[in-house]
Peer 1: 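First, the structure itself, so that you have it in front of you.
Remember, predicted model here, so these are calculated numbers, not experimental data. Naming convention: chains lettered A, B, ... in sequence-line order (proteins, then strands); numbering from 1 in each chain.
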Amino acid sequence: MPLSKKNKLSSQTVVHWFRVDLRTSDNAALHLASLKAKRERMPLIGLYIISAKDWKRHDASNWKVNFILKNLSTLKVDLETKFSIPLIIKVAENIKDVYEILKNVVEKLDTKYLYFNQEYEVHENQRDEMVQAILDSVEVKRIHDQCIVMPGSVLTQEGNIPKVFTPFKRSWIKFVYQSPVKTFPSPEKSEVELQPLAEDYIRSNSTIPFPNHDNFLNDFVLSTEKADFFKTYYPIGEDSGLARLTEFVEKKIEKYKVTRDYPALEGTSNLSPYITNGIISSRTAFLAAFKKNNERLESGNENITTWISEIIWREFYKHILVGYPRVSKNKPFKLETDNIQWNYDEKLFKAWCDGKTGYPFVDAGMRELNTTGRMHNRLRMVVSNFLTKDLLIDWRLGERYFMQNLIDGDLSSNNGGWQWSASTGTDSQPYFRLFNPILQSKKFDKDGVYIKKYVKELRNCSGSSLHTLTAQLQSFGYPKPIVDHSTARELCLTEFKRIYNK
DNA sequence: TGTTGCTTAAC
DNA sequence: TTAAGCAAC
């Protein structure tokens, strides 16, 4: 028997809206929501809103969407079995539907408190401000969680967000020593009974859709080949992410500085899909390394501090996004670099996308991306440099292509990385960022192990020939170089000199 | 988280 | 002829 004929329930609830935080451990807003629910003797309910149009708008890749949805289903089970927290799944057909959905949810569940972790991108921020404005009967709690140090905490003496990495890093380290980083405990097991109507509502909104050719997620279907790779390479769930972290810290981090640049060695952590999509928290990742280094940031093991530096780069670019939002509005950080006459040649761009530039190291990187949804960090620098400097193609095209194909695509890091390569970003002169793609492969893939893994037609080519661009490579069916590096280099330097009147 | 070109030294 | 060191871009 229902308690009442009205839709409204007598018992109020706390809702945690999951977004880019698909985990139960070290989740700031979820933890606080759980405390609130306990104190107020209310049930805690989880919510996730699927918005395919938002994914499209932000160029989310098939890999990323599948990764999110699979992790969502593991999260749902974890929440229910370990913490007695139900998870409601809603689908927003249009971007604006999110407001109606939230109104509906808070009404059906008689929600008193709505918690979520803050997102720093411009659209997401606007949405969240709107949510706070329209849900006037609800206490909306927007919590900082996404990075270790809240954007705006690290400032120059003049009160600005530092524009250069090294001073930022120094201040960041000082801040972390002064305010030690702590993880947030997992939520309490919910003891409060749900009202029958709420239970009905939850039960009828609990299906997670997966991409298939006949549903609204058909744009995100992975080919059979990719789906197979996905299963072995991206294990699902926060336990898998945490296990990957533990293994890295135990076995690899103390060699990180010496191995990370050689893609054939797989010396990197491969944690970015988990951190970017919120499957594990950056705090937890940082603390594991920090403890391994006996809580030191500037001394101890250089391999560990180098890895921690990479986490600080992530923090840096989040700060830049918040402090200088133009970078997410199609504008370069250095505005004057918009005077560069970028090339928009479609054939050249397509050759780059397809990994058919005729430069084996570049092509290996692009083919790794196209077949696996990831790319080794060294190659990200090499291919982005090749597109923006050798081809002089607009960095925004490359940035977009990366987002559309990476499993770990993150607006701030991706944008920061691309602008770093294109010399339109936060620091340094163009000539500091001009790579020689042949020299890079000689240095970092001497025996061609990485190249041969992805550029299959060159698998019988001798190691040293891979680093020359002789006609021999074409005899294997490999494309001719689409550009001459030293000519391209001169053209690029000339163009940068032109805009700086030098 | 770079490259080139020049100088000098050592075969 | 090659390697190492260093300034300049």
Peer 1: CH2 of Trp420(A) versus P of dG2(B): gap in Å, rounded?
Peer 2: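 Taking atom P of dG2(B) as the reference, CH2 of Trp420(A) is at 7 Å.
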Peer 1: Does the pair Glu310(A)/Arg260(A) count as a salt bridge with the N-to-O cut at 4.0 Å?
Peer 2: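 Salt bridge present between Glu310(A) and Arg260(A).
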Peer 1: Can a side chain N or O of Asn436(A) be found less than 4.0 Å away from OP1 or OP2 on dT4(B)?
Peer 2: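 Answer yes for this pair, as a side-chain N or O of Asn436(A) is under 4.0 Å from OP1 or OP2.
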Peer 1: For Leu434(A) and dT4(B), give me the distance from atom CG to atom C1', rounded to whole Å.
Peer 2: 11 Å
Peer 1: Round to the nearest Å and state the distance from Arg380(A) atom CZ to dG2(B) atom P.
Peer 2: 18 Å
Peer 1: Would you call Asp78(A)-Arg23(A) a salt bridge at under 4.0 Å N-O?
Peer 2: no
Peer 1: Base, sugar-phosphate alone, or nothing: which one does Glu490(A) contact when heavy atoms must sit under 4.0 Å apart?
Peer 2: nothing
Peer 1: Tell me the interatomic distance from Phe444(A), atom CZ, to dT3(B), atom P, rounded to whole angstroms.
Peer 2: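 These atoms are roughly 7 Å apart.
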Peer 1: Using whole Å, report how far CD of Glu302(A) lies from C1' of dT1(B).
Peer 2: 14 Å
Peer 1: Gln440(A) side chain N/O closer than 4.0 Å to the phosphate oxygens (OP1, OP2) of dT1(B)?
Peer 2: no
Peer 1: Give the ring-plane orientation class for Phe165(A) versus Trp313(A), where under 30° counts as parallel, over 60° as perpendicular and anything between as tilted.
Peer 2: parallel
Peer 1: Name the closest nucleotide to the Lys497(A) side chain, picking from dC9(C), dG2(B), dT1(B).
Peer 2: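 So the side chain of Lys497(A) is nearest to dC9(C).
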Peer 1: Can you tell me how far P of dT3(B) sits from CG of Leu439(A), to the nearest Å?
Peer 2: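 To the nearest whole Å, that distance equals 5 Å.
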Peer 1: Which part of the nucleic acid, if any, lies within reach of Lys389(A) when heavy atoms closer than 4.0 Å are counted: base, sugar-phosphate only, or nothing?
Peer 2: nothing
Peer 1: Establish, with yes or no, whether the OP1 or OP2 oxygen of dT3(B) is under 4.0 angstrom from a side-chain nitrogen or oxygen of Lys443(A).
Peer 2: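 For Lys443(A), the contact criterion (side-chain N or O under 4.0 Å from OP1 or OP2 of dT3(B)) is met.
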Peer 1: So, Glu124(A) and Arg127(A), do they make that salt bridge, N to O below 4.0 Å?
Peer 2: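 Result for this pair is no, no salt bridge flagged.
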Peer 1: Rounded off to whole Å, could you give me the CZ-to-P distance for the Phe496(A) and dT3(B) pair?
Peer 2: 16 Å
Peer 1: How about Arg489(A) and Lys389(A): do any of their side-chain heavy atoms sit closer than 4.5 Å?
Peer 2: no
Peer 1: Within this structure, what is the OH-to-C1' distance between Tyr256(A) and dT1(B), rounded to whole angstrom?
Peer 2: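 The distance from OH of Tyr256(A) to C1' of dT1(B) comes to 10 Å, rounded to the nearest Å.
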